[in-house]
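Report on one structure; see the data block that follows.
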Amino acid sequence: MSRKENKKQVAAIKGTKDILPREARKWQQVETVIEATCERYGYREIRTPIFEATELFQKGTGETSDIVMKEMYSFLDKGGRSLTLRPEYTPSIVRAIIEHRLYLQPQPMRYYYIGPMFRYDKPQKGRYRQFHQLDIEVFGEKDAAVDAEIVEMASGLLSQLKVKGTDILVNSVGCRKCRPGYHKELRRQAELARDSLCSDCQRKISTNPLRIFDCKEESCREISQGFPKITDFLCQECDEHFKIFCSYLDLYGLKFKVEPRLVRGLDYYTKTTFEIVSTALGAQDAILGGGRYDDMIKDFGGPDVCGIGFALGVERLLSLIPEEKEPENIVYLVCLGEEAKKEGMLLAQYFHKKNIECLLEYKSRNLSNQMSRANKIGAAWVLIIGEDEIKKKRFQLKNMASGEQEEVTPEEALHIIRGNI
RNA sequence: GUGAGCGUAGCUCAACAGGUUAGAGCACCGGAUUGUGGAUCCGGAGGUUGGGGGUUCGAAACCCCUCGUUCACCCCA
């Protein structure tokens with residue numbers, strides 16, 4: 001095999017990327033904050049397989065959604081089953097809840113998970129074919145207080161992570177009783193204005209009339225302002241739910257915008273939908289989005305248990321968080337000669353057992369060189385092991401930041417290092 | 001799926017308007033300095049210019065195809 005072929009073969013798949021150690025550290029930090037926040041609100045982790053029966057998403061995510069129609073990684077396994085790498089998490093949780101009768105547990109049940117999702121979409125800023133989501137779901141609670149609590153938690157999480165300049169957008173998309181009436185009326189009015197709309201919007205009349213509100217053409221914007229809003233068409237139950245939801249957001253002191261054109265692209269949403277957006281993200285401005293889906297469990301043949309949740313794009317979130325350098329606390333063992341190396345191996349073993357991060361230089365280099373390496377990896381301490389030190393069983397411990405150095409036993413070194421960490 | 005821009009060393013970028021052996025900074029390795037790091041100086045390694053084809057006496061540059069990437073549309077996290 002030629003070098004070129006080899007080079008081509010090892011490249012990461014389009015739309016995927018490696019998370020290298022420097023960035024992985026940031027992921028760990030963010031994941032730790034996310035997990036702690038979720039647990040504090042009573043959420044528990046639930047892990048499901050990364051692939052499922054294709055049918056699960058066709059039924060759950062919706063046959064007419066873009067995700068199912070053109071973005072799924074589906075394939076046949078060797079047993080001829082049609083499987084799909086999950087494009088989103090909600091259907092998997094719903095499946096698990098029904099399969100394990102989790103609805104028999106005290107309600108509401110709260111679950112969270114962070115993991116990779118897969119969508120065959122053209123990559124661009126904030127959009128990858130393998131990406132990660134935090135997914136949180138609450139089941140079995142109709143009260144709009146839980147809708148508000150979820151938004152409050154999401155908002156709190158973002159401020160804890162020092163994400164600034166975000167907006168909370170909320171809407172209600174109604175239910176199966178009131179939504180069809182609205183769609184019909186919106187289509188009717190858009191049809192009347194068809195000739196004045198751009199070609200893009202003309203197409204949206206039949207595909208997704210709500211998207212006309214998003215058009216960037218000035219003329220379309222003006223026209224769409226006269227169109228009816230979903231919030232004017234809600235049935236009494238949905239209308240009350242939405243008003244109470246908004247009043248609870250006020251109670252929390254959260255600033256939000258009612259965005260009647262906010263529509264989630266997934267078919268299953270009912271009543272509350274929301275997004276938190278940031279203009280710093282570019283065209284894909286949603287950090288997280290979600291809503292209520294009161295019919296899904298029932299539609300899957302389970303009991304009539306309602307659900308609500310959101311998905312947060314981890315890559316998008318990370319792109320908004322500045323990198324913070326954490327100081328390394330490594331002890332670097334400098335060894336002068338073969339005997340010193342053996343002594344160093346034993347000392348490294350000693351420090352590792354005492355929970356100290358410690359590295360040993362294997363190559364026999366001169367002291368200057370080894371010091372230079374210690375400096376490069378950002379070691380906080382250097383322990384010098386030479387002939388004299390081995391004889392005395394006392395070693396030179398150097399604080400790399402201050403440059404101070406003293407002769408100590410391993411036990412004393414441990415004490416000093418711990419005292420300064 | 002549609003459209004536009006960009007692919008030169010690990011990274012950031014040079015190379016008049018097509019003309020010797022494709023350069024520099026940072027990073028890396030070695031030395032100055034065989035018991036003391038960061039600074040400085042000297043040296044080294046690293047490239048079939050994403051890949052393939054074409055035009056030309058001559059291509060990193062021009063044309064075509066392809067792959068990748070970026071941004072936007074569609075849609076979404």
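The model shown is predicted, which means the values in this text are computed figures rather than measured ones. Letters go in sequence order (proteins before strands), and every chain restarts at 1.
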Inset, instruction - Look at the side chain of Lys398(A) against the base of U36(B) and say whether a donor-acceptor pair falls under 3.5 Å; ignore hydrogens and angles. - result: yes

Inset, instruction - Please state the C1' separation for the pair U70(B) and A39(B) - nearest whole angstrom. - result: 39 Å

Inset, instruction - Would you check if there is a donor-acceptor pair between the side chains of Gln284(A) and Gln124(A) at a distance under 3.5 Å? - result: yes

Legend entry - Spacing between Lys17(A) atom NZ and U69(B) atom C1', to the nearest angstrom: 13 Å

Inset, instruction - Using the six-membered ring of Tyr362(A), assess whether NZ or CZ of Lys341(A) lies under 6.0 Å from its centre and within 45 degrees of the ring axis. - result: no

Inset, instruction - For Leu157(A) and A77(B), give me the distance from atom CG to atom P, rounded to whole Å. - result: 17 Å

Legend entry - Rounded distance in Å between the P positions of C64(B) and A4(B): 12 Å

Inset, instruction - Have a look at Phe274(A) and tell me which of Asn171(A), Leu169(A), Ile150(A) forms a side chain to side chain contact (heavy atoms under 4.5 Å, CB included) with it. - result: Ile150(A)

Inset, instruction - Look at all strands and tell whether Phe310(A) reaches a base, only sugar-phosphate, or nothing, counting heavy atoms closer than 4.0 Å. - result: nothing

Inset, instruction - Please check if atom OH in Tyr41(A) has more than 12 non-hydrogen atoms from other residues, nucleotides or ligands closer than 6.0 Å. - result: yes

Legend entry - CD (Glu411(A)) with more than 12 external heavy atoms under 6.0 Å: yes

Inset, instruction - Once you apply the 3.5 Å cut-off to both distances, tell me the Watson-Crick or G-U wobble partner of A4(B), or none. - result: U70(B)

Inset, instruction - Could you say whether Arg129(A) or Ala12(A) is positioned toward the 5' end of RNA chain B, judged by the nucleotide with the nearest heavy atom to each? - result: Ala12(A)

Inset, instruction - For Glu275(A) and A77(B), give me the distance from atom CD to atom P, rounded to whole Å. - result: 8 Å

Inset, instruction - Look at all strands and tell whether Gly378(A) reaches a base, only sugar-phosphate, or nothing, counting heavy atoms closer than 4.0 Å. - result: nothing

Legend entry - Separation of the C1' atoms in U49(B) and A22(B), to the nearest angstrom: 8 Å

Inset, instruction - Report which part of the nucleic acid Ala374(A) touches: base, sugar-phosphate, or nothing (heavy-atom distance under 4.0 Å, all strands). - result: nothing

Inset, instruction - Apply the side chain to side chain donor-acceptor pair (under 3.5 Å) test between Tyr112(A) and each candidate in Glu39(A), Arg44(A), Glu35(A); give the one that qualifies. - result: Glu39(A)

Legend entry - Given Glu389(A), Glu343(A), Glu412(A), the one that forms salt bridge (Lys or Arg N to Asp or Glu O under 4.0 Å) with Arg394(A): Glu412(A)

Inset, instruction - Send over the distance from Leu383(A) CG to U36(B) P, rounded to a whole Å. - result: 17 Å

Legend entry - Lys14(A), nearest nucleotide to its side chain (from C71(B), A77(B), U69(B)): U69(B)

Inset, instruction - Determine which nucleotide pairs with U40(B), using a 3.5 Å limit on both distances of a Watson-Crick or G-U wobble pair. - result: A32(B)

Inset, instruction - Could you please spell out the steps behind the salt bridge (Lys or Arg N to Asp or Glu O under 4.0 Å) verdict for Arg292(A) and Asp147(A)? - result: CA-CA 8 Å; Arg292(A) 190 167 267 283; Asp147(A) 304 37; 2.6 Å; yes

Inset, instruction - Sticking with atom C1', work out how far A17(B) lies from A60(B), rounded to a whole angstrom. - result: 15 Å

Inset, instruction - Could you say whether Val314(A) or Met371(A) is positioned toward the 5' end of RNA chain B, judged by the nucleotide with the nearest heavy atom to each? - result: Met371(A)

Inset, instruction - Can you tell me the distance, in whole Å, between the CD1 atom of Ile13(A) and the P atom of G68(B)? - result: 9 Å

Inset, instruction - Sticking with atom C1', work out how far U56(B) lies from C42(B), rounded to a whole angstrom. - result: 44 Å

Legend entry - Glu357(A)/Tyr332(A) under side chain to side chain donor-acceptor pair (under 3.5 Å): CA gap, chis, key distance, verdict: CA-CA 9 Å; Glu357(A) 211 176 324; Tyr332(A) 196 79; over 6 Å; no

Inset, instruction - Describe the nucleic acid contact of Lys376(A) in one word from base, sugar-phosphate, nothing, applying a heavy-atom distance below 4.0 Å. - result: sugar-phosphate

Inset, instruction - Identify which nucleotide among G37(B), G1(B), A77(B) has an atom closest to any side-chain atom of Gln133(A), counting heavy atoms from C-beta outward. - result: A77(B)

Legend entry - C75(B): pairing nucleotide in any strand, Watson-Crick or G-U under 3.5 angstrom: none

Inset, instruction - Using the C1' atoms only, state how far C67(B) lies from C26(B), rounded to an integer number of Å. - result: 29 Å

Inset, instruction - Report the residue from Tyr111(A), Tyr113(A), Tyr89(A) that forms a side chain to side chain donor-acceptor pair (under 3.5 Å) with Thr48(A). - result: Tyr89(A)

Legend entry - Protein-nucleotide distance (Gln130(A), atom CD; A77(B), atom C1'), rounded to Å: 14 Å

Legend entry - Opposite nucleotide pairing with G18(B), Watson-Crick or G-U, both atom distances under 3.5 Å: none

Inset, instruction - Please state whether the base of C75(B) and the side chain of Arg127(A) form at least one donor-acceptor pair under 3.5 Å? - result: yes

Using a cutoff of under 3.5 Å, can you pull out all pairs of nitrogen or oxygen atoms linking the protein to nucleotides 2-10 of chain B, with atom names and distances?
| from | atom 1 | to | atom 2 | distance (Å) |
| --- | --- | --- | --- | --- |
| U2(B) | O4 | Lys122(A) | NZ | 3.0 |

Under 3.5 Å, N/O pairs linking protein and nucleotides 33-35 of chain B:
| from | atom 1 | to | atom 2 | distance (Å) |
| --- | --- | --- | --- | --- |
| G35(B) | O6 | Glu389(A) | OE1 | 3.4 |
| G35(B) | N1 | Glu389(A) | OE1 | 3.0 |
| G35(B) | N1 | Glu389(A) | OE2 | 2.9 |
| G35(B) | N2 | Glu389(A) | OE2 | 2.5 |

Legend entry - Mate of C26(B) where both pairing distances stay under 3.5 Å, Watson-Crick or G-U: G10(B)

Inset, instruction - Could you please name the option among G38(B), G30(B), A72(B) that lies closest to any side-chain atom of Asn375(A)? - result: G38(B)

Inset, instruction - Look through every strand shown and name the nucleotide pairing with A59(B) as Watson-Crick or G-U wobble, where both distances are under 3.5 Å. - result: none

Legend entry - Whole-Å gap separating C1' (C75(B)) and CD (Gln284(A)): 8 Å

Inset, instruction - Write down the distance separating the C1' atoms in U12(B) and G30(B), rounded off to the nearest Å. - result: 25 Å

Legend entry - Span that lies between the P atom of U20(B) and that of G1(B), in whole angstrom: 42 Å

Legend entry - Any donor-acceptor N/O pair, Gln107(A) side chain to Met109(A) backbone, under 3.5 Å: no

Legend entry - Nucleotide forming a Watson-Crick or wobble pair with U48(B), both distances under 3.5 Å: none

Inset, instruction - Whole angstrom is fine here: how far is it from CG in Leu318(A) over to C1' in A77(B)? - result: 12 Å

Below 3.5 Å, can you tabulate the donor-acceptor pairs from side chains in residues 305-317 of chain A to any protein atom, sequence neighbours excluded?
| from | atom 1 | to | atom 2 | distance (Å) |
| --- | --- | --- | --- | --- |
| Glu315(A) | OE1 | His132(A) | N | 2.9 |
| Glu315(A) | OE2 | His132(A) | N | 3.3 |
| Glu315(A) | OE2 | His132(A) | ND1 | 2.8 |
| Arg316(A) | NE | Gly126(A) | O | 2.8 |
| Arg316(A) | NH1 | Ala286(A) | O | 2.9 |
| Arg316(A) | NH2 | Gly126(A) | O | 3.0 |

